[in-house]
Trainee: 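What follows is a single structure, and I will ask about it in a moment.
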Amino acid sequence: MNKNLELANLIFPHINRTIDDLEKLYPPRNLKEGAKVTRFAPSPTGFLHTGSLFTSLVASKIARDSGGVFYIRLEDTDTKREIEGSAAKLLVQLHQFGITPDEGYLGDKEVGIYGPYKQSDRKEIYETVIKEMIIKGIAYPCFATEEDLARLREKQTANKEITGYYGKYAIYRDLDIDTAISYIKEGKPYVIRFKSSGSHLNKIKVHDEIRGDLELTQNDQDIVILKSDGLPTYHFAHICDDHFMHTNLVTRGEEWLPSLPIHIEMFNALGFKAPKYAHLPVIMKLDNGNRRKLSKRKDPEASVDFFLSEGYEPQSLLVYLMTIANSNYEDYIVKTKDYNLDNFKFSLSKMSLDGALFDVDKLNFYAKEILSKFNKTTISAKAYAWAKEFSPELITFIEKDYNRFEEILNIEREKKNPRKDYAKYADIYPVIKFFDRDEFNKIFETENFVFNEKLTKEIILNFLKNYSSSNFLDFVEENDWFGNVKAVADRVGFCIDNKLYKANPDAYIGNVNDACEILRVTLTGRAVTPNLFSIMKILGTEEVQRRFDMMINRLETI
RNA sequence: GCUCUGUUGGAGAAGUGGCUUAACUCAUUGCCCUCUCAAGGCAACAUUCACCGGUUCGAAUCCGGUACAGAGUACCA
């Protein structure tokens with residue numbers, strides 16, 4: 001009997017299927033020419049990282065554009081780092097960002113005939129392949145302990161040699177099979193390694209869809225393919241899964257580029273056709289003058305949670321990420337004003353090679369653009385939904401009077417050049433809280449209402465009294481309303497012609513701007529607000545009068 | 001240390017041997033408009049493409065070296 005077969009049967013007695021059986025079980029996909037099968041393969045070790053969102057955006061976009069399939073595979077082979085519940089949350093967040101897989105692990109269910117889509121459920125598949133590799137002599141059990149390997153690395157480092165388990169240092173690769181069999185029978189712990197036939201003296205040519213033709217050092221490491229816990233390592237799972245799931249374009253972070261030769265060698269050794277690869281740049285951040293990867297621990301923007309809880313419209317993050325992915329997307333937006341990602345043709349070759357610095361300013365720019373284009377119904381509903389989850393104070397505000405909330409958000413909206421005050425829903429409340437009667441009372445008591453220095457108490461009082469006794473809100477048109485402001489201002493001595501005022505400022509107590517500032521500060525507590533006419537309209541005659549009286553009262557009693 | 005991969009303004013970048021006086025977008029600054037602000041309009045912002053050498057009539061673009069940065073170097077992914 002073949003010795004290899006004996007060893008294989010000893011390690012995997014329960015496996016009687018072959019690779020051929022698997023091929024039949026997972027036949028090629030029936031897709032049109034050029035259709036791309038891509039995937040997102042997250043590990044359930046935490047919440048969705050911004051970089052992962054970026055990768056999956058690209059993967060799903062490519063699949064969609066080409067009429068292919070985008071699926072999700074859960075890489076849960078690292079049982080030590082696994083965080084309970086994070087896999088399901090990952091899917092929910094992906095969905096919130098509008099990334100909807102066609103197939104795969106979907107959190108609560110699995111869709112598709114190429115499953116299971118969860119690596120921990122695919123043990124038999126890996127074992128089937130490894131069994132055959134052992135029979136063919138391209139995989140073997142290795143009994144080296146952690147200490148053995150540490151010692152080896154030390155020695156290699158001292159000799160300035162390449163570290164790792166390869167060539168003459170791969171001490172168990174040529175172990176006599178009978179010995180291996182007896183070790184296993186004794187219960188010695190072991191892993192399964194791939195027997196590499198490469199040499200680091202050789203170079204291989206590979207093609208990357210983003211980076212073009214590359215020359216990499218051939219792999220010669222006998223890497224671990226099956227850990228002692230019986231689960232596969234990433235490298236091996238990648239080969240099996242992407243082969244049997246018929247991925248034809250692997251998109252992943254550039255940190256995988258150095259291990260590409262390992263993957264290529266294994267695909268070849270197994271006689272599998274290797275997929276195409278696109279190694280995406282990672283998103284960076286400037287830290288003390290150095291670029292580094294966005295870190296979940298240090299940077300709030302590294303986690304997708306941050307954008308959701310701040311109330312960024314998911315689309316705006318997506319648009320921003322797309323401008324990083326394909327900078328010509330910006331030109332496209334400028335030309336078309338179209339923020340719908342579906343209409344843009346993405347191109348891998350237009351992707352830049354080094355990681356972009358995450359730019360919050362630019363994100364905010366797009367975020368404001370997008371929010372400004374919503375009509376009052378849409379933005380109010382979305383803000384309301386966001387508030388329900390993240391902002392109790394906004395929710396209180398909204399629920400007092402929803403229609404009024406809509407009108408407030410509608411100030412200078414629904415027109416050609418709408419206001420762009422808000423980048424995210426969390427920006428809303430601080431800007432609008434003065435509308436609330438109780439909140440205004442609080443502001444009035446606690447905050448300083450500062451007027452322009454040149455406005456004396458007498459001027460303010462005089463203007464306020466005159467103005468509040470005019471029919472200040474009996475106007476439909478803003479122009480007429482402003483005419484009234486001007487008329488009162490003129491009467492109390494303000495200049496109502498800015499050119500005249502500029503020419504001779506000392507001849508007047510102030511100009512219309514100053515008059516408006518009196519109203520603005522009195523009504524809102526702030527020197528900077530949206531359109532006064534709209535504010536007064538929403539506050540209503542009674543409340544405006546009340547606030548005027550509050551101020552008059554205060555000034556008179558000082 | 002070793003093995004890869006990169007390097008064009010403050011940021012994202014276009015550009016692959018003459019069409020470049022280095023597009024476009026964000027940021028910044030100034031002006032205009034204007035009841036403040038936001039928006040909008042108009043300007044300004046890289047004598048130069050990390051550095052040094054080479055090839056060429058001609059280089060950001062091709063070649064060599066150096067520097068710097070990032071990644072990998074796990075029974076993590």
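Computed from heavy atoms alone, side chains included, the values below leave out hydrogens, waters and symmetry copies. Quick note on labels: first sequence line is chain A, next is B, and so on, each numbered from 1.
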Trainee: Check the angle between the aromatic planes of Phe533(A) and Trp481(A) and answer parallel, tilted or perpendicular using the 30° and 60° thresholds.
Mentor: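 Rings of Phe533(A) and Trp481(A): tilted, 30 to 60°.
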
Trainee: Do Arg419(A) and C37(B) share a donor-acceptor pair, side chain to base, under 3.5 Å?
Mentor: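 When only heavy-atom distances are counted, Arg419(A) does reach the base of C37(B) through a donor-acceptor pair under 3.5 Å.
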
Trainee: May I ask you to evaluate whether Lys335(A) reaches the phosphate of C24(B), defined as a side-chain N or O under 4.0 Å from OP1 or OP2?
Mentor: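 Checking Lys335(A) against C24(B): no side-chain N or O falls below 4.0 Å of OP1 or OP2.
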
Trainee: By the 4.0 Å heavy-atom rule, please label Tyr234(A) as base, sugar-phosphate, or nothing.
Mentor: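 Answer is base: heavy atoms of Tyr234(A) come under 4.0 Å of a base.
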
Trainee: Compare side-chain N and O positions of Lys227(A) against OP1 and OP2 of A74(B) and report whether any pair is under 4.0 Å apart.
Mentor: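 Checking A74(B) against Lys227(A), no side-chain N or O comes under 4.0 Å of OP1 or OP2.
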
Trainee: Without decimals, in angstroms, what is the distance between Ile262(A) CD1 and A77(B) P?
Mentor: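 Rounding to the nearest Å, CD1 of Ile262(A) and P of A77(B) are 13 Å apart.
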
Trainee: Of the candidate nucleotides U73(B), A77(B), G40(B), which contains the atom at the shortest distance from the side chain of Glu369(A)?
Mentor: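 Selected nucleotide (nearest to the side chain): G40(B).
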
Trainee: Would you tell me whether Glu265(A) and Asn219(A) have side-chain atoms, one donor and one acceptor, within less than 3.5 Å of each other?
Mentor: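 Yes, a side-chain donor-acceptor pair sits under 3.5 Å.
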
Trainee: Between Glu313(A) and Tyr366(A), is any side-chain donor less than 3.5 angstrom from a side-chain acceptor?
Mentor: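 Not at all, the side chains of Glu313(A) and Tyr366(A) share no donor-acceptor pair under 3.5 Å.
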
Trainee: Tell me, which stems hold RNA chain B, with a stem being 3 or more Watson-Crick or G-U pairs in a row and both distances under 3.5 Å?
Mentor: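 As far as RNA chain B goes, consecutive pairing (with distances under 3.5 Å) yields the stems B:1-7 with B:67-73, B:10-12 with B:24-26, B:28-32 with B:40-44, B:50-54 with B:62-66.
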
Trainee: For nucleotides U29(B) and A39(B), find the distance between their P atoms and express it as a whole number of Å.
Mentor: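 Here U29(B) and A39(B) have their P atoms 12 Å from each other.
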
Trainee: Between Lys227(A) and Asp78(A), is the closest basic N to carboxylate O distance under 4.0 Å?
Mentor: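 Not counted as a salt bridge, because no side-chain N and carboxylate O are separated by less than 4.0 Å.
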
Trainee: At under 4.0 Å between heavy atoms, what does Ala144(A) touch on the DNA or RNA strands: base, sugar-phosphate, or nothing?
Mentor: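 Since a base atom lies under 4.0 Å of Ala144(A), the category is base.
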
Trainee: How far, in whole Å, is G9(B) from U55(B) if one measures between their C1' atoms?
Mentor: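 Between the two C1' atoms, the distance is 29 Å.
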
Trainee: Side chain of Lys362(A) only, please: which of C75(B), C35(B), A11(B) is the nearest?
Mentor: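 Among the listed nucleotides, the one closest to the side chain of Lys362(A) is A11(B).
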
Trainee: Verify whether the ring centers belonging to Tyr172(A) and Tyr190(A) lie closer than 6.0 Å.
Mentor: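 No, too far apart.
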
Trainee: Partners of Asp427(A) by salt bridge (Lys or Arg N to Asp or Glu O under 4.0 Å), sequence neighbours excluded?
Mentor: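 For Asp427(A), the residues satisfying salt bridge (Lys or Arg N to Asp or Glu O under 4.0 Å) (neighbours in sequence not counted) are Lys424(A).
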
Trainee: Roughly how many Å apart are U16(B) and U21(B), using the P atom of each and rounding to a whole number?
Mentor: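 Taking atom P in both U21(B) and U16(B), they lie 14 Å apart.
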
Trainee: Mind checking the P distance from G65(B) to A23(B)? Whole angstroms is fine.
Mentor: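 Approximately 32 Å lies between the P atom of G65(B) and that of A23(B).
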
Trainee: Quickly work out the His235(A) NE2 to U73(B) C1' distance and round it to whole Å.
Mentor: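 In whole Å, U73(B) C1' and His235(A) NE2 are 10 Å from each other.
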
Trainee: For Thr217(A), which contact category applies under a 4.0 Å heavy-atom criterion: base, sugar-phosphate, or nothing?
Mentor: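 The answer is sugar-phosphate, as Thr217(A) gets under 4.0 Å only of primed atoms, P, OP1 or OP2.
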
Trainee: Could you check whether Leu532(A) gets within reach of a base, just the sugar-phosphate, or nothing at all, counting any heavy atom under 4.0 Å?
Mentor: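 Base contact.
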
Trainee: Rounded to the nearest Å, what distance is computed from the CG atom of residue Asp514(A) to the C1' atom of nucleotide C35(B)?
Mentor: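 It is 10 Å, rounded to the nearest whole Å.
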
Trainee: Between N or O atoms, less than 3.5 Å apart, protein on one side and nucleotides 13-17 of chain B on the other: list the pairs.
Mentor:
| residue | atom | partner | partner atom | Å |
| --- | --- | --- | --- | --- |
| A13(B) | OP1 | Ser352(A) | OG | 2.5 |
| A13(B) | O3' | Ser327(A) | OG | 3.3 |
| A13(B) | O2' | Ser327(A) | OG | 2.8 |

Trainee: Measure from the ring center of Tyr320(A) to the ring center of Phe358(A) and say whether it is less than 6.0 Å.
Mentor: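 Yes: the rings meet the under 6.0 Å criterion.
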
Trainee: Which nucleotide wins on minimum distance to the side chain of Val528(A), given the candidates C4(B), A27(B), C37(B)?
Mentor: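 For Val528(A), the side-chain atoms sit closest to C37(B).
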
Trainee: Sequence neighbours left out, cut at 3.5 Å: what donor-acceptor pairs do the side chains of residues 51-58 of chain A make with other protein atoms?
Mentor:
| residue | atom | partner | partner atom | Å |
| --- | --- | --- | --- | --- |
| Thr55(A) | OG1 | Gly51(A) | O | 2.8 |
| Ser56(A) | OG | Ser52(A) | O | 2.8 |
| Ser56(A) | OG | Leu53(A) | O | 3.1 |

Trainee: If we take the P atom in both C76(B) and G70(B), what is their distance in whole Å?
Mentor: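 Looking at atom P only, C76(B) and G70(B) are 26 Å apart.
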
Trainee: Checking all strands, does Arg153(A) fall into the base, sugar-phosphate, or nothing category for heavy-atom contacts under 4.0 angstrom?
Mentor: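 Here Arg153(A) touches the backbone only, sparing every base.
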
Trainee: Atom CG of Leu216(A) to atom C1' of G6(B): distance rounded to whole Å?
Mentor: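 Roughly 14 Å, once rounded to whole Å.
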
Trainee: Nearest whole Å is fine: how far is C76(B) P from Ile225(A) CD1?
Mentor: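 Atom-to-atom, Ile225(A) to C76(B), this comes out as 14 Å.
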
Trainee: For the side chain of Asp78(A), counting heavy atoms from C-beta on, which of C37(B), G6(B), C76(B) is nearest?
Mentor: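 Per side-chain heavy atoms of Asp78(A), the pick is C76(B).
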
Trainee: To the nearest Å, give me how far apart OH (Tyr126(A)) and P (A77(B)) are.
Mentor: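 For the pair Tyr126(A) OH and A77(B) P, the rounded distance is 11 Å.
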
Trainee: Using the P atom as the point on both nucleotides, what is the distance between A44(B) and C62(B), in whole Å?
Mentor: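 Result for the P pair: 31 Å, nearest Å.
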
Trainee: Suppose you measure atom P in G6(B) against the same atom in C52(B); what distance do you get, rounded to whole Å?
Mentor: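 Rounded to whole Å, the distance is 22 Å.
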
Trainee: My understanding is that only residues two or more places apart in sequence, or in another chain, count here; which of them pass side chain to side chain donor-acceptor pair (under 3.5 Å) with Tyr277(A)?
Mentor: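 Counting only residues at least two positions away or on another chain, Tyr277(A) forms a side chain to side chain donor-acceptor pair (under 3.5 Å) with His238(A).
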
Trainee: Going by the rule side-chain contact (heavy atoms from CB on, under 4.5 Å), which residues pair with Ile225(A) if we only count those two or more places apart in sequence or in a different chain?
Mentor: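 Ile225(A): side-chain contact (heavy atoms from CB on, under 4.5 Å) contacts with Ile130(A), Met133(A), Ala139(A), Ile192(A), Phe194(A), Ile223(A), Phe236(A), Met266(A).
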
Trainee: Could you work out, with ring-ring contact (aromatic ring centres under 6.0 Å, His included) as the rule, every residue matching Tyr339(A), not counting sequence neighbours?
Mentor: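 Checked Tyr339(A) against ring-ring contact (aromatic ring centres under 6.0 Å, His included); zero matches.
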
Trainee: Scan Val334(A) against the nucleic acid and name what it touches under 4.0 Å (heavy atoms): base, sugar-phosphate only, or nothing.
Mentor: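 Sugar-phosphate, backbone atoms only, no base.
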
Trainee: Which is true for Glu215(A) with a 4.0 Å heavy-atom rule: it touches a base, it touches only sugar-phosphate, or it touches nothing?
Mentor: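 The answer is sugar-phosphate, as Glu215(A) gets under 4.0 Å only of primed atoms, P, OP1 or OP2.
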
Trainee: Return the set of residues passing salt bridge (Lys or Arg N to Asp or Glu O under 4.0 Å) with Arg73(A) (not counting sequence neighbours), or none when no residue passes.
Mentor: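 With neighbours one apart ignored, the set is Glu75(A), Asp241(A), Asp242(A).
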
Trainee: Lys368(A) near the nucleic acid: base, sugar-phosphate alone, or nothing, with a heavy-atom cut-off under 4.0 Å?
Mentor: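 No contact.
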
Trainee: So, does Thr77(A) get its side chain near the phosphate of A77(B), meaning an N or O under 4.0 Å from OP1 or OP2?
Mentor: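 Result: yes.
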
Trainee: Holding to ring-ring contact (aromatic ring centres under 6.0 Å, His included), I want the full list of residues that pass it with Tyr140(A), two or more places apart in sequence or in another chain.
Mentor: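 So Tyr140(A) forms no ring-ring contact (aromatic ring centres under 6.0 Å, His included) with any residue.
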
Trainee: Can you give me the N/O atom pairs linking the protein to nucleotides 60-71 of chain B at distances under 3.5 Å, or say none if there are none?
Mentor:
| residue | atom | partner | partner atom | Å |
| --- | --- | --- | --- | --- |
| G70(B) | OP1 | Arg291(A) | O | 2.9 |

Trainee: Distance check, rounded to the nearest 0.5 Å: Asn343(A) atom CG versus Thr336(A) atom OG1?
Mentor: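 Here the interatomic distance stands at 8.0 Å.
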
Trainee: Does A39(B) have OP1 or OP2 under 4.0 Å away from a side-chain N or O of Lys373(A)?
Mentor: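 Answer no for this pair, as no side-chain N or O of Lys373(A) is under 4.0 Å from OP1 or OP2.
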
Trainee: Nearest to the side chain of Arg520(A) - U36(B), C76(B), A39(B)?
Mentor: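 Per side-chain heavy atoms of Arg520(A), the pick is U36(B).
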
Trainee: Assign Pro281(A) to base, sugar-phosphate, or nothing according to its heavy-atom contacts below 4.0 angstrom with the strands shown.
Mentor: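 Counting heavy atoms under 4.0 Å across all strands, no contact is made by Pro281(A).
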
Trainee: Is it the case that Arg81(A) and Thr45(A) place a side-chain donor and acceptor less than 3.5 Å from each other?
Mentor: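 No, Thr45(A) and Arg81(A) have no side-chain donor paired with an acceptor closer than 3.5 Å.
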
Trainee: Between N or O atoms, less than 3.5 Å apart, protein on one side and nucleotides 28-33 of chain B on the other: list the pairs.
Mentor:
none

Trainee: For Phe463(A), what residues pass the ring-ring contact (aromatic ring centres under 6.0 Å, His included) criterion, not counting sequence neighbours?
Mentor: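 ring-ring contact (aromatic ring centres under 6.0 Å, His included) list for Phe463(A), sorted by chain: Tyr467(A), Phe494(A).
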
Trainee: Can you tell me if NZ on Lys415(A) sees more than 12 non-hydrogen neighbours from other groups inside 6.0 Å?
Mentor: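 More than 12 heavy atoms, drawn from other residues, nucleotides or ligands, come within 6.0 Å of this atom.
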
Trainee: Distance between the P atoms of G58(B) and A67(B), in whole angstroms?
Mentor: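 Rounded to whole Å, the distance is 29 Å.
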
